[in-house]
Each structure stands twice: as structure tokens, then as C-alpha cells.
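It should be emphasised that the depicted structure is a prediction, and the values quoted were computed from it without experimental measurement. Each ligand, and each atom within it, is numbered from 1 in the order the structure gives. Position 1 is the first residue of the sequence, and the numbers go up from there.
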Amino acid sequence: MAKRIETKCIQGGYVPKNGEPRQIPIIQSTTFKYDTSEEMGKLFDLEASGYFYSRLQNPTCDYVAAKIAELEGGTAAMLTSSGQAANFFAIFNIASAGDHIVSSTAIYGGTFNLFAVTMKKMGIDFTFVDPDCTPEELDAAFQENTKALFGETIANPALTVLDFDKFAAAAHKHGVPLIVDNTFATPVNCRPFEWGADIVTHSTTKYMDGHGSAVGGAIVDSGKFDWNKYADKYPGLTTPDESYHGVTYTERFGLEGAYITKAVVQLMRDLGTVQSPQSAYYLNLGLESLPVRMARHCENGFKVAQFLESSDKIEWVTYPGLPGNKDYALAQKYMPNGTCGVVSFGVKGGKAAAEKFMKALKVAAIETHVADARTCCLNPATSTHRQLSEEELIAAGVPANLVRYSCGLENADDLIEDLAQALEKI
Ligand SMILES: *Cc1c(COP(=O)(O)O)cnc(C)c1O
């Protein structure tokens with residue numbers, strides 16, 4: 001029986017047998033016991049599956065990863081210590097020094113830094129493209145050595161909506177996977193695999209956890225990208241791995257398992273950015289209520305955006321669910337049930353007015369966070385995006401007077417009254 005997303009959020013990933021814990025158990029153990037070295041040796045050779053050390057795999061984390069795989073409609077998934085680690089692994093799993101990636105400019109500031117500074121130092125080159133570019137311009141960004149195309153379903157904090165048709169067509173024309181960070185939409189509002197994406201990443205720190213409790217990330221594979229068809233481009237997946245006695249991932253684990261297995265047994269083994277079982281447990285509690293919470297986040301986001309749009313103290317409002325937004329049609333197509341609870345806007349009077357306004361807010365707190373139960377706000381130009389130059393800020397869609405306002409689960413009327421009194425103080 002094919003289950004709907006609300007049911008998968010509650011029951012996916014973990015099916016207890018007779019007499020086993022109803023809730024996903026926290027297996028707080030670094031290691032696992034075996035009767036013979038021979039049995040454990042098989043695990044090391046990837047000839048048998050099982051647990052031996054929690055840096056590679058842990059049952060609690062695997063149950064939660066399996067739930068996220070079900071939510072996205074993927075074939076395999078893994079948890080990581082953070083969203084940053086997820087995006088790093090997603091690319092580093094298929095690219096190395098000398099390779100090239102095409103990415104949308106409209107991405108999270110931390111991801112931009114990771115790509116443009118840190119991964120560049122590792123010899124991986126990035127070309128950034130405006131998400132509103134023509135298909136021809138997108139095509140022109142690809143090179144012989146391009147290994148992936150990257151974008152965010154709803155960009156943080158620019159709130160532009162990814163044109164999946166355009167991005168998937170370009171990626172597949174050039175024989176590379178489309179990797180999509182689906183953090184803001186969550187699989188409740190958008191499932192990128194249904195629109196041509198091949199790999200999905202998440203900062204589970206945001207809506208998935210939803211309570212500001214645990215930093216985490218996830219990577220999900222659709223199992224649809226044919227690594228074998230482009231075997232020369234992806235030797236890490238299609239040729240023997242000497243660190244595992246010559247295992248070839250696509251042969252041993254098939255298209256449905258090769259990518260995630262490699263990321264776990266190679267990258268996680270060597271880099272070790274695991275999510276703790278305790279954090280995975282919190283994440284699962286968040287996942288259980290995700291559909292209920294997303295509906296409220298979206299309802300609050302829409303009401304707040306409408307209110308701000310009607311205020312003469314506000315220069316502009318960006319909310320993809322608002323009719324008149326430049327990406328409204330894309331949002332309706334890819335996220336007909338709602339987008340997210342984050343609204344961005346520019347306060348008249350520039351940065352100084354924005355600061356005064358934010359200080360006067362009583363319900364919304366100033367935080368370096370988004371997408372949890374408590375309403376919060378931030379001026380990215382002076383905080384998360386302060387490392388970007390003026391030009392990079394504009395390219396990322398983050399003008400200096402932008403306030404990112406993340407609607408929590410409070411009563412929308414309280415949020416609006418709070419906004420109204422703070423705007424009066426400018
Ligand atoms: C927050 C965020 C990240 C980074 O995730 P962390 O869990 O903070 O490491 C990546 N992508 C998007 C879209 C984000 O909002």
C-alpha cells in the first residue's frame with residue numbers, strides 16, 4: 001500500500017517487530033559486538049551489511065535516514081553532522097581536484113563559502129549562474145570536466161524558486177546529476193525527485209528538526225542517475241575502490257545504492273562528520289509533526305507577507321507564495337500546497353531603519369536561525385552574509401536592507417501586531 005506523506009512522517013523508516021520499542025530507540029553505542037573476527041571481517045569488506053562502529057553506521061541514524069529516504073521518494077539516504085557536511089559530501093562524493101561544478105548563485109551563504117572558497121582550495125572549480133538565466137546561458141556554464149549542477153528549491157535567504165524543468169534539462173543534457181538542497185521546502189511541500197532532481201540534500205537543523213534542538217544534515221539519492229552511462233566521468237563509483245579490496249560500487253550496490261554506500265563507507269569513514277544517535281532521535285520527533293507544522297508555517301508566512309505588502313513602511317516583500325511575486329508561477333507549479341514560512345522584505349530607510357525596527361520587535365527574536373517553531377529574524381548583510389562583497393550580495397539576491405523573517409508556529413495575529421508596533425517605531 002502506497003502511503004501518503006503524513007503517514008510516512010509518522011511510520012516510515014522503522015518498523016518494530018513483536019515486542020520491540022514502539023519509538024525509534026536511541027542506540028547510544030560507539031561499537032557493536034561480534035562472536036568471531038571472521039564475521040566482522042565480512043563487514044569491513046562490504047560483503048555483509050551490519051554495524052561495527054558508529055562513525056560509519058548506527059541503527060538510530062539509519063532508521064531516521066530511511067524515513068527521510070521514504071519522504072523524498074529516494075532509494076537510499078544518510079545523515080550527516082550538519083547541512084554543511086551534507087552539501088560537501090554530496091559533491092565531494094563525485095568530484096575531486098580538477099573537476100568543475102555549476103551552481104545557482106541563489107544559495108545559502110554558508111554553502112556559497114563552502115563552494116567558492118573552501119572547495120576551490122581543494123581544486124574543485126565552481127561556475128555560478130543566475131537562476132533566472134536563459135537555458136542557453138545555463139548550457140554555456142558547463143565544461144568538459146563538469147560533474148554536477150547544484151541549486152536550492154527555495155533559496156535561503158533570497159527565496160527564489162528553482163526552475164526544476166530548466167535545471168534538470170541542462171544537467172541531463174550534459175550527463176551530470178542535478179543536486180538540490182531541499183531544506184526550505186521540505187519533502188512535505190516539494191519532492192525534487194518528482195521534478196528531475198537526482199540527489200537531494202537537507203539541513204535537518206531547520207524545519208525537519210523544527211524546534212531549534214539539533215544541528216544535522218541528510219543526503220538522499222533517487223537511484224535514477226545512470227553512473228554507468230557516464231562511467232569515465234565518475235570513476236569513483238564505476239571502478240574498483242582499492243581501500244575495499246577492489247569493490248566497484250555500482251556493481252555491488254546497483255544504481256539504487258552505489259552513491260550513498262560510497263559516501264558512507266569512504267567519506268564518512270575518512271572525514272567522520274556523523275550525526276549523533278541522540279540528535280537523530282530529536283530529528284525524528286520533528287519529522288513526525290512535519291506536515292502539521294509546515295501547514296502552519298506556510299499559513300503564517302502568507303498572512304505576514306500580505307500584511308507587510310500593505311504597509312507603507314516597507315519597500316518590498318519577497319514571498320514565493322504571494323501572487324505578484326516573480327516566482328509565484330514556479331511556486332504554484334512545484335509547491336501547490338505551500339512554500340515555507342520565511343518571508344524577506346526591505347524596510348524603507350535602509351539598514352539603519354531595519355536595525356531600529358528589528359530592535360523594537362517583541363515576539364520575533366533576532367537569531368542566526370530560521371525555520372523553527374519560534375519566530376525569528378535576521379539582517380543577513382550584517383550577519384550570515386557579511387563575508388560577501390556588495391556585488392556578491394546582489395548576485396545572491398541579498399540587498400543590505402533585507403530582513404529575513406522566519407514565521408514560527410505562534411498565532412499569526414500576534415506576529416502581525418508585533419510587526420505593526422515595531423514599524424511604528426521607525
Ligand atoms: C542552514 C542551511 C544550510 C547549512 O546547514 P547547517 O545545518 O547549518 O550546517 C544549508 N543549506 C540551507 C538551504 C540552509 O538553510
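- Between Asp132 and Lys326 there is a salt bridge, since a side-chain N of the basic residue sits under 4.0 Å from a carboxylate O of the acidic one.
- The two residues Ala400 and Asn379 have their closest heavy-atom pair at O-ND2, 3.1 Å.
- Among residues at least two apart or in separate chains, ring-ring contact (aromatic ring centres under 6.0 Å, His included) pairs with a member in residues 64-88 are Phe88-Phe92.
- The closest side-chain heavy-atom distance from His100 to Ile124 is not below 4.5 Å.
- The nearest pair of heavy atoms linking Asn189 to Met294 is ND2-CE, 3.7 Å.
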Within the protein, flag every N or O under 3.5 Å from an N or O of ligand 1, and note the pair and distance.
from     : atom 1 : to     : atom 2 : distance (Å)
ligand 1 : 5 (O)  : Ser203 : OG     : 3.0
ligand 1 : 7 (O)  : Gly83  : N      : 2.9
ligand 1 : 7 (O)  : Ser203 : OG     : 2.8
ligand 1 : 7 (O)  : Thr205 : OG1    : 2.6
ligand 1 : 9 (O)  : Gly83  : N      : 3.1
ligand 1 : 9 (O)  : Gln84  : N      : 3.0
ligand 1 : 11 (N) : Asp181 : OD2    : 2.7
ligand 1 : 15 (O) : Asn156 : ND2    : 2.8
ligand 1 : 15 (O) : Lys206 : NZ     : 2.7

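- Salt-bridge formation is not detected for the pair Asp418/Lys362: no Lys NZ or Arg NE/NH1/NH2 atom is positioned less than 4.0 Å from an Asp or Glu carboxylate oxygen.
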